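First up is the structure itself, then whatever we jot down about it.
Side-chain atoms are counted along with the backbone in the values below, which use heavy atoms only and exclude waters and symmetry mates. Order of listing sets the numbers, starting from 1, for every ligand and every atom in it. Note that the structure is predicted; figures quoted are calculated from it, not measured.
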Amino acid sequence: MPTLGPNRYGKAETRVVRVVRDGAVHHLKDLNVSVALAGEMDAVHLCGDNANVLPTDTVKNTVYAFAKEHGIDAAEEFGIRLARHFVTGQESIHRARVRIEEYAWERIGTAGSARHSFARRGQEVRTARIAYDGERWEVVSGLTGLTVLNTTDSEFRGYVKDRYTTLEETSDRVLATDVHARWRYGWSDDTRPVPDWQRAHAEARGHLLSAFAETYSRSLQQTLYQMGARVIERRPEIDEIRLSLPNKHHVLVDLEPFGLTNDNEVYVAADRPYGLIEATVLRDGAEPLIPTD
Ligand SMILES: O=c1[nH]c(=O)c2[nH]c(=O)[nH]c2[nH]1
């Protein structure tokens, strides 16, 4: 009989919107929560015995019930609460992984409606991934879809050239990317103080942005390292950060046919193909544990 390999199950993409009504002033949290559970699941796969299976429908209900009972503050905290509940609440479940995407809303600032009217903030998504095996925690937070652009202080020269190279060297180009960042906290057991998730996230995001803006870039690779290093240097609770940065090429348009010059003023924003620059930056002695795919 073929052997059953690694397996997990759960409810993916439970969309939960939680409104907190503070009198006339309302607050909004908007999450997409995916829970995956693993443990003693041989019988359900091999014999059709469901005795160890907490239904995925129950998993979904738990997400909604916890949103009501405990509210939602930091995504990490909500994910930790869920993971602990499944691992400590069911004997057959030994490990839980909770992934959360959080969509940010900001207030529409007109008088009166500012209390209950919101607009989605751009494409940026906050992410959290919590893994728990009953003893150790692994919390990886991050963000995707944070689009940034420098109109100068970026060059790309001195690279390898072979017979297929046509790219012109440049000492002044537009540098733009959609930041996809994941960072892993050193916190891993309940006996140690839990990081301030909201503050750590806001500060890490701020360091990514300031390093992007302040780095004189000789390549996106160099900028990536500077962004990651700044987070590691300034946030002691973070041991590892992985960045995936598409190079959103901005190509100068040839205006000569129209008798016009183009002194780094008019670009075509090419959407594909794009260079894709990826790397992990680590605290000295830390292990690279964030998956590279
Ligand atoms: O910052 C860059 N890094 C590269 O590796 C590369 N390759 C390329 O064609 N343009 C760029 N830009």
Quick one: nearest non-hydrogen protein atom to [atom], plus distance?
atom	result
atom 9 (O) of ligand 1	Leu167 CD2, 3.5 Å
atom 5 (O) of ligand 1	Gln221 NE2, 2.9 Å
atom 6 (C) of ligand 1	Phe156 CZ, 3.2 Å

Hey, any chance Tyr274 and Val174 share a hydrophobic cluster, counting ILVMFWY side chains that come within less than 4.5 Å of each other, even indirectly? no
Are any of the N or O atoms of [X] closer than 3.5 Å to those of ligand 1?
X	result
Leu220	yes
His249	no
Arg173	yes

Under a 4.0 Å threshold between the charged nitrogen and the carboxylate oxygen, would Arg234 count as salt-bridged to Glu203? no
Could you tell me whether Lys68 sits above the aromatic face of Phe66, with NZ or CZ closer than 6.0 angstrom to the six-membered ring centre and within 45 degrees of the axis?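 Relative to the ring axis of Phe66, which defines the angle, Lys68 lies outside at least one limit.
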For Phe78, which of Asp73, Val98, Ile100, Ile130 qualifies under side chain to side chain contact (heavy atoms under 4.5 Å, CB included)?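 When side chain to side chain contact (heavy atoms under 4.5 Å, CB included) is applied between Phe78 and each of Asp73, Val98, Ile100, Ile130, only Ile100 qualifies.
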Would you tell me whether Glu278 and Ser244 have side-chain atoms, one donor and one acceptor, within less than 3.5 Å of each other? yes
Are Thr261 and Asp263 close enough that a side-chain donor and a side-chain acceptor fall under 3.5 Å? no
Does ligand 1 have a heavy atom under 4.0 Å from the side chain of Gln222, from its backbone, from both, or from neither? neither
For ligand 1, which part of Leu175 has a heavy atom less than 4.0 Å away: the side chain, the backbone, both, or neither? neither
Please could you name the atoms of ligand 1 that Ser219 approaches to less than 4.0 Å, counting only its heavy atoms?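 Atoms satisfying the 4.0 Å criterion: 1 (O).
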Can you tell me if His180 uses its side chain to pair, donor with acceptor, with the backbone of Asp178 under 3.5 Å?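 No; judged by distance alone, with no hydrogens or angles, the pair does not exist.
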